[in-house]
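To start, the structure itself, in structure tokens.
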Amino acid sequence: MPDLIERSLETALTNCCRVGEISIRRIDGGGFIVSHCDDRGRDDLQRFQNPEEAAEIARYDDAGNYRPLKTVPNLCHGWRLELVDLTKLRRALDYFYPGRLAMFAAWKENRLTTTPLRKTLTRQSGMYRVASKISDEQINDLVGNFCRSNGGCLRTILWKRDESAAVPSTKLPSDKFDASHGQALSPRSATPATTAPVIPLLCQEACSLLVAECRKVVKMTNDE
Amino acid sequence: MSNNARALLIVGHGSTVNPDSSAPTLAHAAEIRRRKVFADVECAFWKEEPSLRDAIFLFDPEAAREVYVVPNFISEGYFTQTVIPRELELNGRSTKRPNGQVWKYCEPVGNHPLVTELLLQRAREIAPGVPETETSLLIVAHGTDLNENSAAAAKREAEKIRALGKYADVLNVYMEEAPLVAGWRKLTKSPNVVVVPFFISDGLHSYEDIPVLLGIAKEKSTSNCISAGGEIFQRNPYKIDNRSLFYAPSIGTDPRFADIIVAQVNLFDDAFSGIILAQTENFDSKS
Ligand code: SF4
């Protein structure tokens, strides 16, 4: 029996075929083809069949640099992954965007809780404890730059700045905080996010990279 | 309880700079998934995705009634004692979530007695046909990791293997404190030396730092060492001063670590099932 995540993926696929930079196509007679959305229509793509190979594809960008955050819009091009069923599709998507399908399924069921950035920061210990000293203004600038969909990160931000429920950055468009939108902007095709429905990549709590950036900002302020 | 209601979460450190850091954890998860002994097998990382915070939402509360958390760490320390419980909101060996899901916090893989056997197997496989009585085994740990007990764990493993009396000598050596790995020529007397890094994954330490300290690679080359890193394990034995040196990949990259992850779950059940059942019933009768 398909599990919850597969069921929620199946439902989502009835009217959309896009997650992050990835396009998903159903093959007649069953199965799926996934590729970089910029690569649709290309016939020179390297073919893969094993969902585990998605982990390798997702590891480096086109220039061969390691991708520590998979929702950064720098997925490499030139491949196509053929998957025989929904289970394998789910597994592959989970390598491309680890954990995002589960967050989407939890969000659909109203189980996903969000954590304000300040709460994340005050929870830190060790070398990251200092990160909580960042000012609201610095958060506004940092998040506006680091998390922006165009070149930063394709996730939809669900967390607030603090208990006051302020948005973390006024520099980002309102749809960056709207899960019904999804951020599918790709640097090469620059398709506007609104043209086709996408499965949103949800960010319910700031990632460790943003926490590390907050620390850097505080350190830089202290050094001045 | 049937296996259908049990899920497994393997927790790794991950890295924002080392592409090979999470690879063994992902591979062990894929292997355990293939065995179909858990309803669901997922990974979570401190520095990669899914994050430890994501992990709280990874498992369907209807399908997975129990989630076993196994830290893929070489020893107890700051991460297993502070970071993982805090980020996963665990309040002891067993934590019942508001949705009824019970999370069971197992010991890190490095603590399991099977690690000793794996070290022995690795040492034999890297130097096939080489008599152990003419071989020194070196287990390398970092050494100065604050709050981590990996040095103590490496020492414990060396002591256990030494007690078996198989090898001419068994030493725990460190990168940054005495006894130093760089001193292997003086520390060992046997014609053969086998070196096994006591790390969870390969990376700069095993690809470059330790080989430089051993004298089998040159100081920081300009090429991309990480991508070519695996080659260092392909050129055994290294002939130095009329002796043969065999250099193995980090112990945690061994596919048999998947068995140790499952073994930690079983060990948890053996140690705690009775106690936890009593606690849970107590909890239920109060609520
Ligand atoms: S905090 Fe969320 S939106 Fe910002 S970079 Fe990290 S994952 Fe992306």
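Because the structure is predicted, anything quoted here is derived from the model rather than measured. Below, chains carry the letters A, B, ... as their sequence lines are ordered, and counting in each starts from 1.
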Identify which part of B:Ser21 has an atom lying under 4.5 Å from any heavy atom of chain A, answering side chain, backbone, both or neither. neither
Check whether B:Ala27 gets within reach of chain A through its side chain, its backbone, both or neither, counting any heavy atom under 4.5 Å. neither
For A:Tyr97, is it the side chain, the backbone, both or neither that has a heavy atom under 4.5 Å from a heavy atom of chain B? neither
Can you give me the closest heavy-atom contact between A:Met103 and B:Asp54, atom names plus distance? CE-O, 3.2 Å
Heavy-atom cut-off 4.5 Å, strictly under: side chain, backbone, both or neither for A:Phe104 against chain B? neither
Based on non-hydrogen pairs under 4.5 Å, which of B:Ser15, B:Ser51, B:Ala55, B:Cys43 is most in contact with chain A? B:Ser15
From B:Leu26 atom CG to A:Asp94 atom CG, the distance as rounded to the nearest 0.5 Å: 10.0 Å
Test salt bridge (charged side-chain N to carboxylate O under 4.0 Å, His left out) applied to A:Arg59 and B:Glu48, step by step: CA-CA 11 Å; A:Arg59 194 165 289 155; B:Glu48 289 179 45; over 6 Å; no
Side chain, backbone, both or neither: which part of B:Phe59 has a non-hydrogen atom closer than 4.5 Å to chain A? backbone
For residues B:Leu58 and A:Ile5, report the shortest heavy-atom separation together with the two atoms involved. O-CD1, 4.0 Å
Bottom line for A:Gln124: the part with an atom under 4.5 Å from chain B's heavy atoms is both
Check: B:Thr16/A:Tyr66 side-chain N/O donor and acceptor closer than 3.5 Å: no
Applying a strict 4.5 Å limit to non-hydrogen atoms, the region of A:Thr113 in contact with chain B is both
Check this for me, if you would: do A:Arg7 and B:Glu62 make a salt bridge, where the nitrogen-to-carboxylate-oxygen distance has to be below 4.0 angstrom? no
Do the charged groups of B:Glu49 and A:Arg155 touch, with an N to O distance under 4.0 Å? yes
Which portion of A:Arg67 sits near chain B, non-hydrogen atoms under 4.5 angstrom: neither
Residue part contacting chain B, namely of A:Asn65, when any heavy atom lies under 4.5 Å: neither
B:Lys47 atom NZ, over 12 foreign heavy atoms within 6.0 Å: yes
What pair of heavy atoms forms the shortest contact from B:Asp40 to A:Arg91, and how long is it? OD1-NH2, 4.2 Å
Go through the atoms of A:Leu101 and report whether side chain, backbone, both or neither lie under 4.5 Å from a heavy atom of chain B. neither
Please tell me if the side chains of A:Tyr60 and B:Pro19 come closer than 4.5 Å, counting only heavy atoms from C-beta onward. yes
Between B:Arg53 and A:Glu205, is there a side-chain N and carboxylate O pair less than 4.0 Å apart? yes
Run the numbers on B:Tyr78 and A:Ser125 for side-chain contact (heavy atoms from CB on, under 4.5 Å), then give the verdict. CA-CA 10 Å; B:Tyr78 174 59; A:Ser125 59; 2.5 Å; yes
